[in-house]
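Let me begin by presenting the structure, written as structure tokens, before commenting on it.
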There are 2 protein chains.
Amino acid sequence: MRMESKLINMGKQQNFKVGELMPGLSVDNVIFGFHDNQLKVLLLECMNHRDWMLPGGFVLKSESTDAAAERVLYDRTGLNNVYLQQFHVFGDPSRSRDSLMSSAMKSMELPFETDNWFKQRFVTIGYYALVEFEKVVPVPDSISASCAWHDTDKLPRLIFDHKDIIANALTSMRHHLNYQPIGYNLLPKEFTMKNLQSIYETILNRKLDRSNFTRKMLAAGILDKKEKLFAGGAHKAPYLYSFKKKEYLKVLKDGFNNEF
Amino acid sequence: MRMESKLINMGKQQNFKVGELMPGLSVDNVIFGFHDNQLKVLLLECMNHRDWMLPGGFVLKSESTDAAAERVLYDRTGLNNVYLQQFHVFGDPSRSRDSLMSSAMKSMELPFETDNWFKQRFVTIGYYALVEFEKVVPVPDSISASCAWHDTDKLPRLIFDHKDIIANALTSMRHHLNYQPIGYNLLPKEFTMKNLQSIYETILNRKLDRSNFTRKMLAAGILDKKEKLFAGGAHKAPYLYSFKKKEYLKVLKDGFNNEF
DNA sequence: ATATTATTGGGTCATTATGACACAATATTA
DNA sequence: TAATATTGTGTCATAATGACCCAATAATAT
């Protein structure tokens with residue numbers, strides 16, 4: 001069988017001939033969602049039911065790397081048109097060194113015939129996505145046991161350098177916070193100020209003063225205060241807010257906290 | 001001749017067998033220097049003496065992408081251990097679409113036998129480097145007519161999407177300014193406050209108030225004021241400054257203008 | 001020799017932003 | 001009905017910022 005016509009089984013929508021793929025190049029998505037005032041990341045469970053991995057895939061010779069990341073995102077979440085941002089390339093050959101590789105292959109319990117393809121050295125492009133938690137229906141691929149959300153601060157054991165990739169995604173988001181607002185892509189239409197503050201606190205990894213946070217967010221002029229209050233929670237009912245899309249996009253473009 | 005043993009002639013230190021390279025993956029360096037209070041970028045002149053291109057190269061199967069970028073930088077500048085930062089992946093297949101590709105091939109006047117290698121679709125990783133202008137001895141590679149500095153605001157015609165790559169590098173630097181100081185890697189040991197301000201103005205693309213800029217830089221506590229004055233210029237002689245390395249690195253690590 | 005001129009070092013000052021609190025209002029639970 | 005946690009809003013001292021101003025100075029022009 002010629003190498004180029006060999007099939008790589010990567011799930012329902014992902015049976016590719018090797019000849020159609022960019023060799024040694026992959027994308028890995030760090031998909032963030034927000035639930036219970038906690039930042040979550042979507043992971044795939046390996047067939048050994050112990051290790052987990054990031055949703056990833058290969059780049060078709062005919063598609064852009066962005067499109068490859070969008071395809072992977074769609075296959076795992078059913079979502080299209082979400083915030084998806086390339087953040088770092090992981091290009092160290094040691095990331096797929098033999099020891100890691102064979103243990104990862106074991107975790108994944110991949111069929112023998114995919115060996116040669118998977119065992120090559122991969123450079124992977126990290127993307128992070130911000131999605132609305134409620135809208136996601138997690139779908140495992142054919143080499144995974146399950147697909148589920150995990151708290152970013154209570155991650156399970158991960159294959160390869162996927163733990164580093166997630167940490168790097170968080171750092172990149174932290175930097176992006178310096179010049180753009182966030183939340184539009186993570187929160188439902190209506191949300192409380194506490195919801196928004198929790199996102200910032202998770203990404204910045206520190207507590208913020210509630211009063212000062214509210215003042216600053218309102219000063220940015222991107223929030224619409226609803227008269228409807230959030231019912232059901234314990235204690236005083238907070239206001240609900242929504243983003244003013246036009247103003248949000250303007251601030252995204254012109255910068256949030258531009259200094260100097 | 002087997003494909004894997006074919007030689008790609010890319011300059012004195014760059015004769016690689018195709019089989020030793022990551023297929024379809026390259027690095028391109030945007031090398032910034034500072035001279036005459038202007039930000040400059042190092043470019044290679046194509047053999048047609050009209051188009052220019054970024055110094056770039058291929059990634060060896062055995063080396064990290066970072067190492068590939070360092071190798072390219074060393075070959076063109078003779079410099080090692082400089083600030084080199086990956087900033088974006090350019091992964092759209094249309095960037096190497098036929099029309100662009102063949103015109104670029106013409107510009108470069110590449111020998112026929114390299115066609116098949118060069119004509120494949122490339123994903124390129126953009127790196128930007130900050131180097132000390134005076135220390136650089138620009139060295140063209142074997143497929144270039146010359147290697148020279150150009151003002152970032154007066155760029156010549158460039159092949160492929162290299163103009164976009166430079167613009168993107170500047171934007172990325174602008175964002176990095178938000179959380180780290182700059183200048184240590186661009187300026188000689190001793191420099192004037194005006195030198196430093198010019199760098200910031202170029203990267204931020206706007207004028208800054210001289211007095212306020214001085215106040216802010218001094219407040220950061222990373223500058224050492226020399227008693228020696230800069231002689232030779234017209235008008236009043238300014239003080240010379242140098243960076244306090246330890247403090248500079250601390251600010252680089254902890255953040256310059258961290259907000260919230 | 002002296003005036004001119006561009007540039008530099010060092011300020012002022014009003015305004016805004018920030019960080020650290022305070023306190024009353026309120027919705028659930030005890 | 002009281003206790004409690006949470007929220008909306010306000011205060012206030014301090015820090016940072018933006019927009020100026022002015023005297024000192026070194027080369028150049030006269």
Side-chain angles (χ1 to χ4, degrees), chain A residues 36-38 177-181 183 187 190-202 204-242 251 254-260, chain B residues 36-38 174 177-181 183 187 190-201 204-242 251 254-260:
Chain A
D36 287 336
N37 280 336
Q38 283 241 291
L177 269 198
N178 281 330
Y179 53 89
Q180 59 184 231
L187 291 165
E190 301 189 329
F191 51 89
T192 67
M193 193 60 81
K194 188 186 178 62
N195 294 154
L196 190 57
Q197 186 175 342
S198 297
I199 293 178
Y200 274 84
E201 289 183 337
T202 306
L204 295 173
N205 196 30
R206 61 194 173 96
K207 287 286 167 198
L208 300 173
D209 182 275
R210 183 178 56 87
S211 176
N212 297 336
F213 180 82
T214 304
R215 175 175 52 185
K216 184 147 185 170
M217 288 309 301
L218 291 178
I222 57 176
L223 292 178
D224 219 8
K225 185 194 275 187
K226 307 289 177 185
E227 272 316 312
K228 210 183 340 166
L229 300 179
F230 178 78
H235 319 300
K236 180 172 181 178
Y239 282 109
L240 286 174
Y241 294 88
S242 65
V251 170
D254 298 346
F256 191 25
N257 243 320
N258 43 357
E259 44 244 304
F260 260 114
Chain B
D36 285 337
N37 279 337
Q38 283 239 293
R174 183 145 56 233
L177 269 199
N178 281 329
Y179 53 89
Q180 58 184 230
L187 291 165
E190 300 189 330
F191 51 90
T192 67
M193 194 60 80
K194 187 185 179 63
N195 294 153
L196 190 57
Q197 185 175 343
S198 297
I199 294 179
Y200 274 83
E201 288 184 337
L204 296 172
N205 197 29
R206 62 193 172 94
K207 288 285 167 201
L208 299 173
D209 183 274
R210 183 178 56 88
S211 177
N212 297 337
F213 179 82
T214 304
R215 175 175 49 183
K216 184 149 184 169
M217 287 309 301
L218 291 179
I222 57 177
L223 292 178
D224 219 9
K225 184 194 278 187
K226 308 288 177 186
E227 273 316 311
K228 210 187 334 172
L229 300 179
F230 178 78
H235 319 301
K236 182 172 180 178
Y239 282 107
L240 285 174
Y241 294 88
S242 65
V251 170
D254 298 347
F256 190 25
N257 243 321
N258 43 358
E259 43 243 305
F260 262 115

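Heavy atoms only: backbone and side chains are in, while hydrogens, waters and symmetry mates are out. Since we're looking at a predicted model, the values are computed, not measured. Chain naming here is simple, since letters A, B, ... match the order of the sequence lines and numbering starts at 1 in each.
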Those residues that, when tested against A:K236, pass side-chain contact (heavy atoms from CB on, under 4.5 Å) (two or more places apart): none

Interface polar pairs with nucleotides 9-12 of chain D, N/O, under 3.5 angstrom:
residue: D:dT9; atom: OP2; partner: A:K225; partner atom: NZ; Å: 3.1
residue: D:dT9; atom: O4; partner: A:S211; partner atom: OG; Å: 3.4
residue: D:dG10; atom: O6; partner: A:S211; partner atom: OG; Å: 2.4

Separation of A:Q197 atom CD from C:dG19 atom P, in whole Å? 13 Å

Take atom NZ of B:K216 and atom C1' of C:dA17, then tell me their distance rounded to the nearest Å. 12 Å

In this structure, how many angstroms lie between the P atom of D:dA16 and the CZ atom of B:F213, rounded? 17 Å

Calculate the interatomic distance between B:K194 atom NZ and C:dT7 atom P; express it in whole Å. 6 Å

A:E201 meets the side-chain contact (heavy atoms from CB on, under 4.5 Å) criterion, sequence neighbours left out, with A:Q197, A:K207, A:L208

What verdict does the side chain to side chain contact (heavy atoms under 4.5 Å, CB included) test give for A:Y179 and B:R174, after you've listed the backbone C-alpha separation in whole Å, the side-chain angles of each residue and the deciding distance to 0.1 Å? CA-CA 10 Å; A:Y179 53 89; B:R174 183 145 56 233; over 6 Å; no

In whole angstroms, the gap separating C1' of C:dG10 from CE of B:M217 amounts to 18 Å

For A:T192, what residues pass the side-chain contact (heavy atoms from CB on, under 4.5 Å) criterion, not counting sequence neighbours? A:K194, A:N195, A:F230, A:P238, A:L240

Looking at every non-hydrogen atom in both residues, tell me the closest pair between B:G183 and B:L196 and how far apart they are. CA-CD1, 4.3 Å

Would you indicate whether the side-chain heavy atoms of A:M217 and A:Y200 approach each other to under 4.5 Å? yes

To the nearest Å, give me how far apart CG (A:L196) and P (D:dT7) are. 13 Å

Rounded to the nearest angstrom, tell me the gap between atom CG in A:L208 and atom P in C:dC21. 16 Å

Residue list, side-chain hydrogen bond (donor to acceptor under 3.5 Å, both in side chains) with B:K226, at least two apart or on another chain: B:S242

When you check every protein heavy atom under 4.0 Å of nucleotides 25-30 of chain D, what one-letter string (B, S, -) results, 5' to 3'? BBS---

Using the side chain to side chain contact (heavy atoms under 4.5 Å, CB included) rule, take B:L223 and B:F191 through it: C-alpha gap first, then chi angles, then the decisive distance, then the call. CA-CA 10 Å; B:L223 292 178; B:F191 51 90; 3.8 Å; yes

To the nearest angstrom, the CG-C1' distance between A:N37 and D:dT7 comes to 14 Å

Between A:V251 and A:A220 the two heavy atoms that sit nearest each other are CG2-O, 4.1 Å

